[in-house]
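We count ligands from 1, going down the list as the structure has it; atoms in each ligand are counted the same way.
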Amino acid sequence: MPGSDKPALKLKRLQDLDVKGKRVLVRVDYNVPMKGGRVVDNRRIRETVPTIKHLVEAGARVTLVSHLGRPKGKPEEKYSMKPVAPELSKVLGLPVAFCGECVGSKAEAASKALKSGEILVLENLRFHAGEEGNDADFAKQLSRHGEVFVQDAFGALHRAHASTAGIPKNLPGGIGFLVQKELEFLDRVVGNPERPFLAILGGAKVSDKIGVLLKLLERVDSLIIGGGMAYTFLHAQGVSIGKSLLEKDNVKDAQAIVEKAYAKNIQCLLPADHVAVKEIKADAERFVTQAMAIAPDMIGVDIGPHTIEIFTEEIAKAKTIFWNGPMGIFEMEPFSKGTIEVAKALAKATRKGATTIVGGGDSLAAVDLAKVDAQLSHCSTGGGASLELLEGKVLPGLAALAC
Ligand code: AMP
């Protein structure tokens, strides 16, 4: 990756692989939200269409594997991939078969019976403990489904599992078009971003984001910290945060990040006012604080109107923007305004020529809520993977494929 501290990995791309008429095993990330046995958001399915179409047009026999949810190593009906096959078929406009196993004789017979251009979806990889345990034998069983392996599950690349780190030990392979696109956009941020470069981080967990924050401080011109994680930063600054979210173990790290930003002359913006409640429930009475401080019996649940103004102005100035994590408890409509306004400000910045990259399931849900997804430069399908790439980590799923 240009600009990163690590030497770039040499990876084969789908267009470099000979897939003509071959049995091709594709790892996709179809970990899609489901409700009542139906796929409610098919973004991750849509994003794999270019790879699958390329394979079908080359006459490959295509077997797709993915995980869905957290079934803990054994079958659970609610995590079955079965509803995914008709959804993919609808998106592709092509027939898609399904097999209720992912390894074993039944699954192997199904993948081997595929004819040129046919597509098969196998059952959830995580119905077997061998997937998350990166079991060599499980990886070998999976590898029997193909002569060539294509990795297109960007959202799973930061996990060393059998289907990411294991399969490439048995099969030649490379990265699909979705992984290529994701890497290209994140390269722009890590490599040579057009300046000013602004990173916006939110969400609940500071601990998850310390590493990336430290790394971002080497690259950004300004930083916005919002959402639940902002309260640990405010607390570290001596601001009263009432009963808002606080990660006590991370107060020192938060302080160090603010100090480092100051020393490097990087603008680090924290919320200047808040929407606060006495109890986290959608119909709770909302109060807007007058300043940064929150009363002892209150909980901050969203950024306030003055903060929205400040953040929006900062966004309008930037030429490259990376966003991960909501500004408040946006799943509850009354606390979603700050997150939606940030999403809208990003769309506006994109229209004015900025490159905007959004990563993470929650931020993407917010972008959908604000109806601006098509207006951003890139919506990443992998929150964790994109953060780890920004941190400069080598993703196990890519390292395993390196030539
Ligand atoms: P994360 O997984 O760390 O990106 O956190 C995402 C979650 O952060 C979402 O489910 C939000 O509801 C939650 N969140 C955002 N702001 C707050 C807040 N002020 N208090 C509690 N949770 C929050």
Side-chain angles (χ1 to χ4, degrees), residues 31 33 41 69-70 155 158-159 199-213 216 223-236 239-251 253-254 257 269-282 284 286-289 292-308 311 322-343 357-370 379-391:
N31 183 26
D41 177 357
R70 297 176 185 271
H158 59 311
R159 310 270 185 224
I200 308 170
L201 291 189
K205 282 173 250 124
V206 185
S207 42
D208 281 2
K209 286 157 193 159
I210 295 290
V212 76
L213 275 165
L216 282 168
L223 191 61
I224 286 179
I225 299 174
M229 64 186 274
Y231 298 109
T232 300
F233 284 80
L234 289 171
H235 175 83
V239 176
S240 312
I241 58 163
K243 294 199 288 181
S244 308
L245 210 61
L246 172 65
E247 277 180 71
K248 282 201 178 113
D249 291 346
N250 294 108
V251 173
D253 287 326
I257 283 164
L269 296 174
L270 291 168
D273 63 347
H274 318 269
V275 174
V277 293
K278 286 197 170 143
E279 208 184 334
I280 300 179
K281 50 179 193 173
R286 282 172 289 161
F287 300 86
V288 174
T289 64
M292 273 186 182
I294 297 178
D297 59 337
M298 304 286 273
I299 310 160
V301 288
D302 194 8
I303 53 174
H306 182 45
T307 307
I308 291 177
F311 286 5
F322 174 80
W323 178 30
N324 179 298
M327 296 290 106
I329 307 179
F330 79 105
E331 298 93 333
M332 293 186 185
E333 196 274 330
F335 316 142
S336 64
K337 189 168 166 52
T339 306
I340 288 179
E341 290 304 321
V342 163
I357 299 165
V358 178
D362 288 317
S363 317
L364 287 189
V367 157
D368 283 341
L369 214 61
C379 292
S380 175
T381 53
S386 59
L387 286 180
E388 290 201 13
L389 272 175
L390 284 184
E391 241 177 280

>> Using a 3.5 Å cut-off on N or O atoms only, is F330 in polar contact with ligand 1?
In response: no

> With backbone taken as N, CA, C and O and side chain as the heavy atoms from C-beta onward, which portion of M229 lies under 4.0 Å from ligand 1: side chain, backbone, both, or neither?
Replying inline: neither

>> Donor-acceptor check, side chain of T232 to backbone of V251, threshold 3.5 angstrom: yes or no?
In response: no

> Which of the atoms in ligand 1, numbered in the order shown and given with their element, are less than 4.0 Å from a heavy-atom of G300?
Replying inline: 18 (C), 19 (N), 20 (N)

>> Could you work out, for atom 15 (C) of ligand 1, the closest of G226, A276, G227, G328 by heavy-atom distance?
In response: G328

>> Donor-acceptor pair, distance only, cut-off 3.5 Å: does the side chain of D302 make one with the backbone of V275?
In response: no

> Of all the non-hydrogen atoms in the protein, which one sits nearest to atom 2 (O) of ligand 1, and at what distance?
Replying inline: K205 NZ, 3.6 Å

> Has the side chain of K205 got a donor or acceptor atom that lies under 3.5 Å from a matching backbone atom of E247?
Replying inline: no

> Distance from Y231 atom OH to L246 atom CG, nearest 0.5 Å?
Replying inline: 12.0 Å

> So is M332 close enough to ligand 1, meaning a heavy atom under 4.0 angstrom away?
Replying inline: no

> Stepwise, does the side-chain contact (heavy atoms from CB on, under 4.5 Å) test hold for L234 with H274?
Replying inline: CA-CA 12 Å; L234 289 171; H274 318 269; 3.5 Å; yes

>> Side chain, backbone, both or neither: which applies to I329 and ligand 1 if a contact is any heavy-atom pair less than 4.0 Å apart?
In response: both

>> Under 3.5 Å between any N/O of G228 and any N/O of ligand 1: does that happen in this structure?
In response: yes

>> Please tell me whether D273 and T289 have a donor and an acceptor in their side chains that are separated by less than 3.5 angstrom.
In response: no

> Within the structure, does E331 bring an N/O atom to less than 3.5 angstrom of an N/O atom in ligand 1?
Replying inline: yes

>> I'd like to know if the side chain of S380 reaches the main chain of V358, judged simply by a donor and an acceptor atom lying under 3.5 Å from each other, with no hydrogens or angles considered.
In response: no

> With a 4.0 Å heavy-atom cut-off (strictly under), which part of D208 contacts ligand 1: side chain, backbone, both or neither?
Replying inline: neither

>> So, 4.0 Å and heavy atoms of Y231: is ligand 1 close enough to count as a contact?
In response: yes

>> If the cut-off is 4.0 Å to any non-hydrogen atom of K209, which atoms of ligand 1 fall inside it?
In response: 1 (P), 3 (O), 4 (O)

